[in-house]
Amino acid sequence: MSSQEIVFVVLGIVGLGAAVRLVTARNVVHAALYLVVSLAMVGGTYLVLAAEFVAFVQVLIYVGAIVVLLLFSLMLTRAPIGREALDNQQRGISALVALGILAGLAFLIQDAFRDARIEPDATPTGAVGVSIFQNFVLPFELVSVLLLAALIGAVVLARKDLP
Amino acid sequence: MVAAAETAVNGEAGTTALAWIVTVLPLVSFFLIVLFGKRLPGGGAWIGIVAVGAGLVMSLVVLSHFIGGGEATELSEDWFRVGDLRFELGQYVDGLTAVMLVVVTTVSLCVQVYSLGYMRGDARFTWFYAVISLFTGSMLNVVIANNLLQLLVGWELMGVCSYLLIGHWWEEKENSDSAIKAFITTRIGDVPFLFGIFVLIVATGTANIPEITGAIGGGAISRGLLTAGALLLFGGAIGKSAQFPLHVWLPDAMAGPTPVSALIHAATMVAAGVYLVGRMFSVFVNADPWVLTFVAAIGATTMLIAALLAMIQDDIKRVLAYSTVSQLAYMVAGLSLGPAGYTAGLFHLFTHAFFKALLFLGSGSVIHAVHSNNMSEMGGLRRPMPVTFWTFLIGSAALSGIPPLAGFWSKDEIISTAFHEQHYIVWGIALVTAVITAFYMARAVLLTFFGEYRGHGHPHESPATITGPLVVLAGLSVVVGFLNATAFDVTLFSEWVHFGEGEHLPFNYGFAAISVVGALAGIAVGYRLYARWRERDPLRRLGPAYTLLERKYFLDDVYLRGVVRPIQYRASAAVNWSNRFILDGIVHTFAWTARQFSRLVEVVDRRVVDRGVNTAAGLTGFTGGILRYIQSGNVQRYAVFLFVGVILLAIGISIRA
Amino acid sequence: MIRLPLVLFFSAGLFSVGVYGVLARRNAVLVLMSIELMLNAVNVNLVAFSQLLRDTILAGQVFALFVITVAAAEVGIGLAIVILIYRNRETINIDEVNLLKW
Amino acid sequence: MLETQAVDYHAILPELIVSGTILLVIVVDVFLGRDRKWWAMPISLVGTAGALAATLTLIGERRETFDGMFVVDPFAVLFKVFFLGTAIVVLAISLRYFREGRYFQGEYYFLLLTAFLGSLTIASSRDLLMLFISLELVSAPGFLIAAFRKSDPRSNESGLKFFLIGVLSAAVMLYGMSLIYGVTGTTRLDGIAEALAGPAGEGPLPLAAIFMVIVGFGFKVSAVPFQFWAPDTYEGAPVPVAAFLSVASKAAGFAGLLILMFLGFGPLSEFWTPIFFVLSAATMTIGNLLALQQTQVVRLLAYSSIAQAGYMLLPFALVGGSVGNDRAAFAASMLYILIYGVMNLGAFTVVVAIARDAPGVLVSDFAGLSRRAPVLAIGMGVFLVSLGGIPPTAGFWAKFFIFTAAIERGGLGVWLAAIMVVNSVISLYYYLAIAKQMFFAEGEDRPLASPALLTGVAALAMVAVIVLGVYPDLFARFPPGATLVP
């Protein structure tokens with residue numbers, strides 16, 4: 001095991017653990033904090049994989065913006081606390097489904113990529129920018145329209161009044 | 001191959017080139033009546049009459065082409081193309097076409113003249129004539145179409161017209177209900193029919209009927225496809241020709257004006273189904289043999305159950321309606337006998353058209369006079385209405401198979417062919433049905449025209465516009481049978497309409513005697529029971545069997561839940577049908593000794609019916625339950641189903657791979 | 001050097017945990033968080049493949065950036081709907097939102 | 001370092017016009033008084049018409065831009081014309097509905113146009129990323145406008161369900177896309193097809209990935225078992241939005257599916273056709289059976305549209321025979337989508353008209369419609385008959401082409417054809433049940449006040465359905481040119 005792998009495994013275990021706690025926590029605010037941990041660990045793995053720009057974006061957008069948004073809405077909706085308040089009646093079947101998916105994916109991955117190795121090569125941020133503006137301009141423009149639509153639509157729905 | 005003779009298409013059209021005009025005339029008259037009818041004297045009715053009269057003359061000219069043994073001819077124009085598929089507008093005229101042209105125009109002409117008197121003063125008189133014209137034109141289009149697409153257009157238009165005509169007096173809810181019932185029921189048959197056409201088009205790459213027949217004759221198509229095609233086509237025939245289990249619409253179609261009933265029952269609509277089987281006969285003959293057996297089973301079942309139902313009706317039109325169902329089943333059974341029965345079945349279609357039109361118009365004349373459909377309010381009409389009486393009597397005798405009237409020849413031919421082809425079950429049922437037919441017609445005649453008048457007012461003979469067509473049709477009912485009077489070696493009809501070599505059976509006096517004796521026995525029983533009017537129908541002594549008939553084998557109830565209400569009942573209805581099919585066989589063969597069986601029937605009835613109803617209820621609960629379970633309103637349960645579906649699909653595919 | 005299956009197992013784990021959360025949590029905001037886990041699993045995949053393939057145009061990483069952006073938009077929309085429901089119904093428990101059924 | 005790239009502005013002109021209109025609508029809305037907010041609709045209409053005109057100039061063209069990521073070919077043009085036509089109809093039927101209630105009208109039209117922008121780009125996308133973004137562009141505004149009856153809890157719920165299932169299936173689809181990227185090393189469809197034909201296409205992983213992508217599109221087209229959201233969402237959403245979802249959104253999903261399956265995943269068709277076999281059979285059967293239970297018309301149409309999606313999915317199960325078979329299957333599916341669009345839009349137009357009078361829109365609300373509003377009743381009758389596949393209507397030909405393709409393909413295709421026949425028979429029941437109400441049931445006698453715009457749209461759609469039914473020669477013209485089968 002290389003040092004990179006060791007770091008990755010540590011990040012992965014923490015991230016997964018936090019994820020599991022997120023879906024089992026009995027307090028919504030705790031769950032949100034677990035989400036922060038989990039997402040940060042994912043960001044960390046990007047760093048290990050030498051995708052720095054994606055890692056920064058991950059931390060900025062997810063940890064910085066999305067989680068805050070989620071926390072705000074938790075406050076707004078006065079989230080209750082306790083297992084019965086947070087979980088529904090289908091935990092058993094849900095766990096089965098999740099395990100089934102995990103088993104299936106694990107089998108597929110093992111089958112297809114058993115011997116694949118990543119040799120992380122630092123990606124210069126500039127290259128990402130070039131790629132976006134050279135190869136993916138059109139999706140980029142479309143995403144801007146999407147964000148505008150989401151923004152305006154969300155405001156319209158969330159505001160209290162009617163016209 | 002058997003089909004080879006059919007596909008010989010002669011290039012010389014000769015007089016048959018007129019045939020398409022016969023079709024176009026009523027269509028033109030439809031438009032003329034719709035556009036100008038209201039402004040014309042007589043509501044435009046004469047346009048329709050002139051058009052169809054001219055059509056009749058031309059049809060006779062076309063028929064003359066075949067008297068000398070003319071060959072089939074074809075004319076066509078391209079309609080449109082889709083890819084390699086070419087669809088045409090065209091005509092294919094052979095003996096069968098020519099005969100049908102004559103039948104349709106004759107009956108339509110009689111009906112239209114008759115309606116001058118019958119529909120006088122109707123609020124939608126002009127509209128009525130327009131639709132009758134369109135109806136006639138559609139049927140003619142079905143008859144001459146040289147390709148399935150064109151045939152389908154006529155077929156569908158006919159459905160629409162029948163819907164409009166049955167619901168002509170739509171102000172009464174019952175009538176509009178009947179119209180929609182007819183429409184939906186035939187539609188259920190039409191969908192398989194549609195796909196049957198698809199199958200044939202796909203299998204042969206053409207919609208052209210002679211080409212399809214040729215391709216089948218050439219053995220170009222797999223038997224499996226043919227079997228599928230034949231079954232699907234027959235589905236259409238079952239719906240249109242009111243065969244079991246889709247026969248329920250026809251008796252209700254009585255809601256329309258009587259001339260419409262005559263038209264529907266004699267020459268159009270129901271005839272189209274039988275005609276279709278005849279036209280596409282090579283598909284049936286070359287399909288798996290069990291297809292014809294299936295056709296025979298449907299025919300035999302239908303003829304018996306419908307005849308039994310006709311026995312107990314009080315409404316005179318309903319007697320005739322069930323009789324039509326039963327007689328159509330004769331034709332279907334005739335066709336199911338293979339090439340040998342082909343001529344016999346279609347000959348019955350031909351003769352039946354005349355006497356059934358006669359009977360309907362006659363009943364209309366009676367109804368016109370007494371203002372009731374119920375035979376319990378008639379009686380003794382032979383004196384005030386002599387013309388109606390005699391013509392009706394001739395029609396009844398023809399239907400009962402009394403020689404030398406038309407029905408005798410055609411019916412006898414089917415019965416003896418069945419025996420000759422060793423279809424003994426069909427033969428037996430056909431004989432029994434013949435007896436029952438004679439019985440119920442005797443009953444109808446006795447209740448209507450003999451004894452004392454039981455209705456209101458003073459009935460008078462109808463005007464000449466009504467009796468005129470009756471006399472003409474009565475005359476035809478007497479003579480048309482001689483077109484194929486094998487006893488005298490006249491085989492004109494089988495020279496026109498035959499499949500393959502067209503060999504015909506020699507006349508067998510033994511069989512003829514059996515069927516005549518059977519008919520006379522039926523009449524005798526009828527006379528015994530109904531010579532004197534009784535308040536209580538003597539058949540009521542049958543007890544539960546009578547109830548079963550009265551409730552139409554509970555089929556309508558089944559349909560109400562099974563078809564007319566949600567579809568999921570249908571499975572249980574199917575169970576019911578099959579159960580009752582067996583049950584009916586037992587009950588009705590021994591109907592005259594029903595007392596002994598009544599207990600059995602009661603037990604079976606209770607068990608079968610109760611169980612059927614319970615099953616139906618259970619099924620609704622079941623599907624309703626499924627719906628409630630899967631569409632629970634809980635989005636997370638949806639998500640679970642989504643993932644479970646994904647996983648199951650993935651497992652299924654990986655097992656297969 | 002990192003073995004690819006390790007990375008992919010991590011992502012598969014995140015994805016499965018996310019699925020569990022979506023199915024088993026009744027609080028709408030927690031469901032949204034679980035969906036974020038699933039989307040992050042996708043991103044881990046994309047970045048890993050991008051590095052594995054040494055993609056010259058970095059399609060994988062760019063794709064991941066787009067997914068992050070779209071996820072942000074989706075969260076915004078989702079929260080707006082949740083707040084709307086909370087305002088009308090005083091609950092954000094998904095299994096209680098079942099007026100429409102059958 | 002950044003190479004300048006020549007953009008073919010003519011090729012993206014329709015999208016540019018729609019984008020411009022989107023911005024114009026939202027800006028103008030700010031300056032409009034409360035009584036004039038509805039002006040957003042005419043503005044949108046003009047923009048859409050302009051985009052339609054721009055699209056028409058592209059007929060017959062084959063253009064590529066953005067490095068082949070965005071393609072204009074007859075297929076794309078055909079779908080764009082369809083989407084823009086749909087947009088015009090949806091705009092037309094929205095006007096009264098949103099003007100007469102308390103809605104944020106400007107924002108509604110803004111979101112609606114955004115969704116249509118996504119459907120336009122989907123038809124031209126030849127790249128996984130583009131497909132994903134376009135699909136989101138169709139979905140995200142959809143989530144929002146489904147919940148647009150803000151004070152109605154049912155509408156909120158409709159939006160929530162749509163959103164949750166939508167995001168969930170999007171996540172599954174993205175996971176599949178990431179795996180495809182990993183296996184093939186590209187997001188370009190042509191590159192993917194090339195790679196899948198080689199060693200990358202071996203093993204179960206690519207197949208699983210394709211399946212996951214199908215899930216995402218299966219949601220969009222409401223195939224069983226991804227259909228659950230549809231009935232609830234259609235019922236709760238504003239009726240014009242339901243029309244949008246059942247036609248434009250579904251057609252966008254199918255356009256994407258056609259592009260993906262035929263251009264990207266074609267080499268593995270042997271493995272994915274069974275998936276479509278199951279999806280198609282299950283979708284049409286379950287959709288139809290559940291439709292029978294419905295008394296609420298929008299819900300009924302939702303189940304009906306699920307069943308119809310089953311028919312559209314059928315040709316996908318036929319891929320992999322000869323090139324001729326593939327072409328026939330492609331054309332059959334495409335034609336069905338387009339024809340379905342016309343007849344279903346027509347049906348929804350009538351429902352919108354009824355909804356002004358009876359917001360619940362039960363089947364019994366159609367009672368006596370033939371006397372209250374003859375044009376609408378006849379139109380609805382034609383649409384129902386056409387949905388049932390009865391000639392001489394366009395719907396008949398739609399089924400005809402699918403049936404032909406299935407029978408010609410043979411094998412399992414024949415089974416699917418048989419299932420389709422049975423289902424068509426079942427579907428007639430509930431379609432004709434509405435017809436029966438309209439023409440035979442006793443209803444209220446007062447005439448139904450229907451805006452001329454709605455009546456006109458319904459009449460137009462009716463004419464289209466009948467003309468296409470009587471003159472199907474039109475169908476022979478464009479499918480061969482618009483095929484994506486090489």
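What you are looking at is a predicted structure, and each value in this text was computed from that prediction instead of being measured. A note on names: the letters A, B, ... follow the listed sequences, proteins ahead of strands, and every chain is numbered from 1.
With a 4.5 Å cut-off on non-hydrogen atoms, A:Ala116 does not touch chain D at all. With a 4.5 Å cut-off on non-hydrogen atoms, A:Ala112 touches chain D through its side chain but not through its backbone. With a 4.5 Å cut-off on non-hydrogen atoms, D:Ile133 touches chain A through its side chain but not through its backbone. With a 4.5 Å cut-off on non-hydrogen atoms, D:Leu129 touches chain A through its side chain but not through its backbone. If you measure heavy-atom distances from D:Leu111 to chain A, the contacts under 4.5 Å come from the side chain alone. For chain A, the nearby part of D:Leu23 is the side chain; its heavy atoms alone come within less than 4.5 Å. Contacts of A:Leu146 with chain D are made by both backbone and side-chain atoms, with heavy-atom separations under 4.5 Å. Heavy atoms of D:Phe110 lying under 4.5 Å from chain A belong exclusively to its side chain. Neither the backbone nor the side chain of D:Ser19 comes within less than 4.5 Å of any heavy atom of chain A. Contacts between D:Arg102 and chain A at a heavy-atom distance below 4.5 Å involve backbone atoms as well as side-chain atoms.
To the nearest 0.5 angstrom, D:Asp127 atom CG is 9.5 Å from A:Leu138 atom CG. Put simply, CG on A:Leu162 and OH on D:Tyr103 are 10.0 Å apart, with the number rounded to the nearest 0.5 Å. In this structure, A:Leu105 CG and D:Met212 CE are separated by 5.0 Å, a value rounded to the nearest 0.5 Å. The OG1 atom of D:Thr121 lies 12.5 Å from the CD atom of A:Glu141; values are rounded to the nearest 0.5 Å. Within the model, atoms CZ of D:Phe104 and CG of A:Leu157 stand 9.0 Å from one another, a figure rounded to the nearest 0.5 Å.
Ranked by heavy-atom pairs shorter than 4.5 Å toward chain A, the options D:Met130, D:Glu136, D:Glu107 are led by D:Met130. Annotation: maximal heavy-atom pairing with chain D below 4.5 Å, among A:Pro139, A:Ala150, A:Gly104, occurs at A:Pro139. Of all the listed residues (D:Thr187, D:Leu137, D:Ile26, D:Thr114), the one sharing the greatest number of non-hydrogen pairs under 4.5 Å with chain A is D:Leu137.
For a heavy-atom cut-off of 4.5 Å, chain A lies close to D:Ala147, D:Phe148, D:Lys150, D:Ser151 in residues 145-171 of chain D. Among residues 3-20 of chain A, no residue has any heavy atom closer than 4.5 Å to a heavy atom of chain D.
Around the CZ atom of A:Arg117, the shell of radius 6.0 Å holds more than 12 heavy atoms that belong to other residues, nucleotides or ligands. The environment of CD in A:Gln89 is sparse: at most 12 heavy-atom neighbours from other residues, nucleotides or ligands sit within 6.0 Å.
With a 4.5 Å cut-off on side-chain heavy atoms, A:Phe113 and D:Val183 count as touching.
Taking each heavy atom of A:Leu108 and D:Ala208 in turn, the nearest pair found is CD1-CB, 3.4 Å. Between D:Ser134 and A:Leu142 the shortest heavy-atom distance is OG-CD1, 4.4 Å.
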task = Under the side-chain contact (heavy atoms from CB on, under 4.5 Å) rule, what do D:Leu117 and A:Val145 come out as? Steps first, then yes or no, please.
result = CA-CA 9 Å; D:Leu117 175 65; A:Val145 179; 4.0 Å; yes

task = Determine, stepwise, if the pair D:Leu205 / A:Phe107 fulfils side-chain contact (heavy atoms from CB on, under 4.5 Å).
result = CA-CA 9 Å; D:Leu205 186 74; A:Phe107 164 77; over 6 Å; no

